[in-house]
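One is the number of the first residue; the rest follow in order along the sequence.
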Amino acid sequence: MTTKTFAASIATLLLLATAILPIQARAEDDDTDILSEARILHDPAIPTVGNAEGDITIVEYFDYQCPYCRKISPELAKVVRDDGHVRLVFKDWPIFGGASIYAARLTLAARYQDKFAEAHEALISLHDKLSEAKVDAALSGAGIDLARAKADLAAKHADIDAVLARNHEQATGLGFRGTPAFIIGHFRIPGVPNAQAFKQAIADARAAASAK
């Protein structure tokens, strides 16, 4: 093991030891509590990817212009794909300005044509600073009917903005200070976990669930 590898391993252990914090117990059936388990893990207005029937849910609070969100996306996707039993929920938290808000709104509008996953992948894969024109081009290139997405955004504007407001309130209520930030099972994980840290957190979440 090289010094660099050893340091990376220690960093991963420190991440797991200091950053995994249990979510405060909240009433699951309280629809008015924005921080309830149901509202965080199972918001019906937000599509899921991965295994919809998975035994563990990962929630990511992210921004399409966040460089760390972009960097971690392929690793997270591979972990979810290799595990096969993880439900993944992307919660837009557009804190990088107007272009991020535009991207979040239009991606959520793409769900009405069953293209949320394609829209998300198209935007999170970009490496440039976003503009409305770049968002439009990326979505069109991914097969999104842009005219329909904009029409759905106009028609569902209040619903979509309500989703973004809930995401913001949850992220700040959970004590997150920036993107990316994660919920894995019933644990809060701020920062940028690597693949091994994701796997360990998933294993810990499963162990905690089975111990109930």
Check [X] against [Y] and note the closest heavy-atom contact, atom names and distance.
X      : Y      : answer
Pro47  : Ala45  : CD-O, 3.8 Å
Leu35  : Ile40  : O-CD1, 3.5 Å
Phe187 : Ala205 : CE1-CA, 3.8 Å
Leu76  : Glu60  : CD2-OE1, 3.7 Å

Going from [atom1] on [X] to [atom2] on [Y], what distance comes out if it is rounded to the nearest 0.5 angstrom?
X      : Y      : atom1 : atom2 : answer
Arg70  : Leu123 : CZ    : CG    : 9.0 Å
Lys115 : Thr107 : NZ    : OG1   : 13.5 Å
Ile184 : Ile202 : CD1   : CD1   : 5.5 Å
Ile101 : Leu130 : CD1   : CG    : 12.0 Å
Glu121 : Ser73  : CD    : OG    : 5.5 Å
Arg111 : Ile160 : CZ    : CD1   : 8.5 Å

Side-chain heavy-atom pair [X], [Y] within 4.5 angstrom cut-off:
X      : Y      : answer
Asp83  : Phe198 : no
Tyr64  : Val135 : no
Leu153 : Arg105 : yes
Val192 : Lys71  : no
Leu164 : Leu108 : yes
Thr57  : Ile183 : no
Val49  : Phe90  : yes
Pro180 : Tyr61  : no

Where the side chain of [X] meets the backbone of [Y], is there a donor-acceptor pair that is under 3.5 Å apart?
X      : Y      : answer
Ser140 : Ala137 : no
Glu169 : Ile34  : no
Asn167 : Asp92  : yes
Ser36  : Asp33  : yes
Arg166 : Arg39  : no
Gln113 : Asp145 : yes
Lys150 : Ala109 : no
Arg87  : Leu41  : yes
Arg177 : Pro190 : no
Glu75  : Ala195 : yes

Could you walk me through whether Thr172 and Trp93 pass side chain to side chain contact (heavy atoms under 4.5 Å, CB included), step by step? CA-CA 10 Å; Thr172 55; Trp93 187 20; 4.0 Å; yes

Would you say [Y] and [X] are linked by a side-chain donor-acceptor pair, where the criterion is simply a distance under 3.5 Å?
X      : Y      : result
His85  : Glu53  : no
Ser100 : Asp63  : yes
Gln65  : Lys129 : no

Taking the six-membered ring for Trp, are the ring centroids of Phe176 and His168 within less than 6.0 Å of each other?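 Phe176 vs His168: aromatic centres not under 6.0 Å.
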
Step through it carefully: locate the ring centre of Phe62, locate the ring centre of Tyr68, and say whether they are under 6.0 Å apart.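 Centroid separation for Phe62 and Tyr68: 6.0 Å or greater.
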
Check step by step if side chain to side chain contact (heavy atoms under 4.5 Å, CB included) holds for Lys134 and Asp128. CA-CA 9 Å; Lys134 287 180 180 178; Asp128 300 327; 3.7 Å; yes

One pair to check against side chain to side chain contact (heavy atoms under 4.5 Å, CB included): Ile46 and Val163. What are the steps and the verdict? CA-CA 8 Å; Ile46 300 177; Val163 170; 3.8 Å; yes

After noting the C-alpha distance and the side-chain angles of Arg81 and Val86, does the key distance pass the side chain to side chain contact (heavy atoms under 4.5 Å, CB included) rule? CA-CA 8 Å; Arg81 184 170 59 251; Val86 173; over 6 Å; no

Does a sphere of radius 6.0 Å around NZ in Lys156 hold more than 12 heavy atoms from other residues, nucleotides or ligands, not counting ones at 6.0 Å or beyond?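 At most 12 heavy atoms, drawn from other residues, nucleotides or ligands, come within 6.0 Å of this atom.
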
